[in-house]
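Okay, structure first, notes after.
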Amino acid sequence: MKTRFGWHDLSIVLHYTGRILAGLSLLCLIPAFSSLVAGEFAVAVDFMISFGAMLTLGSGFAAFAPNGKRPGWVHGMTTAGLSWLFAMVVAALPYWLSSHYNSYLDAMFDVMSGLTTTGLVLLQDLDHVSIGINMWRHILTFVGGQGIIVLALALFTDSSGGGYGFYVGEGKDERLFPSVMHTAKSIWRISILYLVIGTMMFWFAGIQIGLTPIRAFLHGFWMYMATWSTGGFAPMSQNVLYYHSTLYQILTFIFFTLGSFNFALHAAVLRGNRRELLKNTETVSFTITMSLTLMVVIWSLTKLHVYPDLVAQIRKGFYHLASAHTTTGFMTIYPQQLANEWGDSAIAAVIIAMMIGGSACSTAGGFKGLRIGILVKAVLQETKRLMRPSSSIVVQKYSYHGVRALSEQQVRNAALVVLLYIAIFAVAVVGGCLAGFPLLESAFEAASVTGNVGLSIGVTSTTIPAGLKILYIFNMWAGRLEFMAVLASMGFIGIFFTRRKI
Amino acid sequence: MKKMSSSETKAARIVHGVVVEILYTVALGLLGTCICMIVAVLAK
């Protein structure tokens, strides 16, 4: 049966995109309120203007009636893809009004960086931004980590069908419960639980290092949101280095590692199934790949005598490797130090760690540990098949919330997504080289944007060409949504405007 | 001994789960620290 998309399909997509944007506009009220409390009245006005603009645009789109038709799979995926792009455009307004950006493109870059939990920053003079802007930055990354569609599903939708397409379109395909709405609410409950615990712990750490109670609370709240979402934003330009605190580093390590775990894993452990932590393919693959890349990093740093002692190597080497592998992007060294001191082999290991990333259905980016585990199991299965008689059937099992048999469909899906990641990574590497950056630095920055990591080796800055910024925005968007929503959006738009049937 | 209600049991399970998860990440940190120590010695 041939498929064609007409105005009624576009109406459905615009309607739900509008509802998501209208819901997102309500988030502007949080920084508006915090600005009012802090006495930043001009900033509060900026956020109310932005709230009005987002609500107007969202309401305008939502006025397109779906004509009683329930959204199908393609509508959900296309809405997921397009709503992220529209959110990037409108959520940049508060940034632009703050005068901390050289262009609207830079503001959109930072919004996409926040929503996709990448963490690269083009904002100027971060150390002197308002409380409202810092609140907005960190809220965007916290909401983006869970997913703006997941937020909408949890708060703004009823139990009518079509929700699964929206949910999967945001790069999640793990259902904690049969109902997608229930799954979305559960994801938020887990995140809020850890938000309370984590903020308290960071608050205590902030007071312990000498911050005033209010400042310690705000920094704790923001740092927690950036940590759990594996976003990597920080309220100060020196990032985690600003705090000069082992306790802060340990807390960020704990919570960005937890943030990189699958929400289904959290749900299982919180229900009492603690063994899943040890048996799960994702945690096992994460432990193995982090250990292997860590060995390369520490070997390289030791040979080059980069740090004076073992404690410094652990606090810099291990910390940055973990920050890369969980796709968080926190740094306690300057980008130039990474480029000039770490050596090619350590940087190559960090690139590999960034590309592998965290767990599926988590706030982390990258290929995902589950796909690496599936592909390794597929290689084992093929090896066994070669060793046995041609007529024998080889069943390969893996542990993922129970023992499962590996299917060809799973292997094909995993390989396809990994291939697409590598393809857009390669395009970004070439883009960086064309902009005049050395190959290794281009590759490092390309891995950082594609895997939504946020570590920088010095490439990302407000002076890079606009074309490279747009390429990096595309990579962040595609990497975060894991391609399905991106391909669906592009296919939908292509079919709609060319009036073709497929 | 007083029997726990279902909500108390659920709360206890959640607290236990949070503690287990945090301890797991601490264990990962210790594993990484051990790897750093061993590799640093071998590389010298």
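Hydrogens, waters and symmetry mates are skipped; everything else that's a heavy atom, side chains included, is used. Protein chains get the first letters and strands the later ones, always in sequence-line order, with residue 1 at the start of each.
- Between His266(A) and Phe261(A), the ring planes are tilted. Angles from 30° to 60° get that label.
- Among the candidates Thr257(A), Leu294(A), Leu277(A), the residue making the largest number of heavy-atom pairs closer than 4.5 Å to chain B is Leu277(A).
- For Ile38(B), no part sits under 4.5 Å from any heavy atom of chain A, backbone or side chain.
- Of the atoms belonging to Ile35(B), it is side-chain heavy atoms, and not backbone ones, that fall under 4.5 Å from chain A.
- A distance below 6.0 Å separates the ring centres of Phe253(A) and Phe318(A).
- Of all the listed residues (Gly17(B), Gly29(B), Ala43(B)), the one sharing the greatest number of non-hydrogen pairs under 4.5 Å with chain A is Ala43(B).
- When heavy atoms are compared at a cutoff of 4.5 Å, Ser300(A) does not approach chain B at all.
- Only the side chain of Leu310(A) comes within contact range of chain B, judged by heavy atoms closer than 4.5 Å.
- Looking at Ile197(A), the atoms closer than 4.5 Å to chain B (heavy atoms on both sides) all sit in the side chain, from C-beta outward.
- Only the side chain of Leu193(A) comes within contact range of chain B, judged by heavy atoms closer than 4.5 Å.
- Annotation for Met37(B): atom CE does not count as buried by contact number, only 12 or fewer foreign heavy atoms lying within 6.0 Å.
- Using a 4.5 Å heavy-atom cutoff, the side chains of Thr332(A) and His244(A) are not in contact.
- Between Tyr194(A) and Trp228(A), a ring centre-to-centre spacing shorter than 6.0 Å is recorded.
- Across Leu31(B), Val39(B), Leu28(B), a single residue satisfies side chain to side chain contact (heavy atoms under 4.5 Å, CB included) together with Ser291(A), and that is Leu31(B).
- Between chain A and the options Thr25(B), Val20(B), Leu42(B), heavy-atom pairs under 4.5 Å are most frequent for Thr25(B).
- Here the two rings, on Phe202(A) and Tyr248(A), have centers that are under 6.0 Å apart.
- Most heavy-atom pairs under 4.5 Å with chain B, from the set Ile298(A), Leu321(A), Ile314(A): that is Ile298(A).
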